[in-house]
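In what follows, chains are A, B, ... by sequence order, proteins preceding strands, each numbered from 1.
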There are 2 protein chains.
Amino acid sequence: MDEVDTAILAALQDDARRTNKEIAQSLGIAPSTCHERTRSLVRRGVIRGFRAEVDLPALNRGVQALVSVQIRPLHRSVIDGFQDFASGRPEILSSYVLAGADDFVLHVAVQDLDHLHAFLVDRLSKRKEVAGFRTSVVYRQARATAVTALEAPGGG
Amino acid sequence: MDEVDTAILAALQDDARRTNKEIAQSLGIAPSTCHERTRSLVRRGVIRGFRAEVDLPALNRGVQALVSVQIRPLHRSVIDGFQDFASGRPEILSSYVLAGADDFVLHVAVQDLDHLHAFLVDRLSKRKEVAGFRTSVVYRQARATAVTALEAPGGG
DNA sequence: AGTGAAACGGATTGTGT
DNA sequence: ACACAATCCGTTTCACT
């Protein structure tokens, strides 16, 4: 992970369709070099994949919320079962399994507040393992443009 | 957003480097048709962009956490200022502005627990507007493979 | 809006330095 | 690691339906 790798990674996180030629030129290296570096990043697993990013409002998902959920009993089978449930629900973008007071956080995106309420009371509350939950509507979200490598844990 | 648009969207969310030819073939349509559909999705803003997805452990970011933060006073300028701070910190992947008891949730990814602690006590606690925070370490995360459109709010 | 074909350009590979 | 060149293949455009 030198400077060139980092720059390529930043470029592809910003726009995965940027051509190899363009990136090479912007970095002042040969296209063949840039190409091999990019292949290496994929081969080493630094790049997990290339994905299209969708606009949630355009898909009738103008309302987002983070839902903190407590699960009981806190057994592996129950946790796995709830995560399977979460993976199967179209409303849920991602789910986090946590340490601490909350066992799960669900990132949901739905049409409007009515549908959020319906999801919470008709779907989530119906689950036997759900001991409680707390909902926070998302006003705004900001994401890092490019995720960069941090210093090695030992070498920092 | 008909069936073809949805299928193209799903394919590109799964792998943005899938070729137009491949997608067209899998859907049983002509490459030129598929190409125009994809262009339309981008033009209409349904596709916000194409991004490389990175592997956090490969970038020395093996520890993730969600940090709920309370901010005071709750003025626009303070909220915007804190969000700017969040956008500038390399540890932070994304930040959410919320309704409810928590004003912010920060999704952070750092090398290890030592660095998480250091970020919390050296960076976050130092901010005057931070009235309190609660940290949940992430054990696991699951993301939806493809985000699909939901029924229109009025027509459902 | 969809199709087929033709032109264009970048990806990919191999060779040599 | 870099540069060059040559092939391959997908993208892109266009005329037609």
Q: Could you state the atom-to-atom distance from CD1 of B/Ile23 to P of D/dC9 in whole Å?
A: 19 Å

Q: Less than 6.0 angstrom separating the ring centers of A/Tyr96 and A/His107, yes or no?
A: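 When the ring centroids of A/Tyr96 and A/His107 are compared, they turn out to be at least 6.0 Å apart.
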
Q: Mind jotting down which residue pairs meet the salt bridge (Lys or Arg N to Asp or Glu O under 4.0 Å) criterion with at least one end in residues 66-77 of chain B? Sequence neighbours excluded, please.
A: B/Arg72-B/Asp103

Q: Rounded to whole Å, how long is the line connecting atom CZ of A/Arg39 with atom P of D/dA1?
A: 14 Å

Q: Please tell me which of B/Arg17 and B/Val4 maps to the more 5' nucleotide of DNA chain C, matching each residue to the nucleotide holding its nearest heavy atom.
A: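 Its nearest nucleotide lies further toward 5', so the answer is B/Val4.
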
Q: Please determine whether a side-chain nitrogen of the Lys or Arg among A/Arg44 and A/Asp5 lies less than 4.0 Å from a carboxylate oxygen of the Asp or Glu.
A: yes

Q: Choosing from D/dA3, C/dA11, D/dT13, which nucleotide comes nearest the side chain of A/Thr19?
A: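 Within the option list, the nearest is C/dA11.
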
Q: Considering only D/dT12, D/dC4, D/dT13, which nucleotide approaches the side chain of A/Ser32 most closely?
A: D/dC4

Q: Looking at the side chain of B/Ala30, which of C/dG4, C/dA11, D/dT12 is the nearest nucleotide?
A: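 The listed nucleotide nearest to B/Ala30's side chain is C/dG4.
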
Q: Within this structure, what is the CD-to-P distance between B/Glu36 and D/dG10, rounded to whole angstrom?
A: 20 Å

Q: Check the distance between D/dG10's P and B/Asp15's CG and give it to me in whole angstrom.
A: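 Taking CG of B/Asp15 and P of D/dG10, I get 14 Å after rounding.
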
Q: Taking NZ from A/Lys21 and C1' from D/dC4, how many angstroms apart are they, rounded to a whole number?
A: 13 Å

Q: Return no unless some side-chain N or O of A/Thr33 is found under 4.0 Å from OP1 or OP2 of D/dC2.
A: yes

Q: Expressed in angstrom and rounded to an integer, what is the separation of B/His35 atom NE2 from D/dT11 atom P?
A: 7 Å

Q: How many whole angstroms separate atom CD1 of B/Ile8 from atom P of C/dA1?
A: 13 Å

Q: Between B/Arg37 and C/dG2, is there a side-chain N or O to OP1/OP2 distance below 4.0 Å?
A: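 So the side chain of B/Arg37 is within the cut-off, an N or O lying under 4.0 Å from OP1 or OP2 of C/dG2.
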
Q: Could you check whether the rings of B/Phe119 and B/Phe85 sit parallel, tilted or perpendicular, using 30° and 60° as the cut-offs?
A: parallel

Q: D/dA3 C1' sits how many Å from A/Gln25 CD, rounded?
A: 15 Å

Q: Between A/Ser125 (side chain) and A/Leu120 (backbone), is there a donor-acceptor pair under 3.5 Å?
A: yes

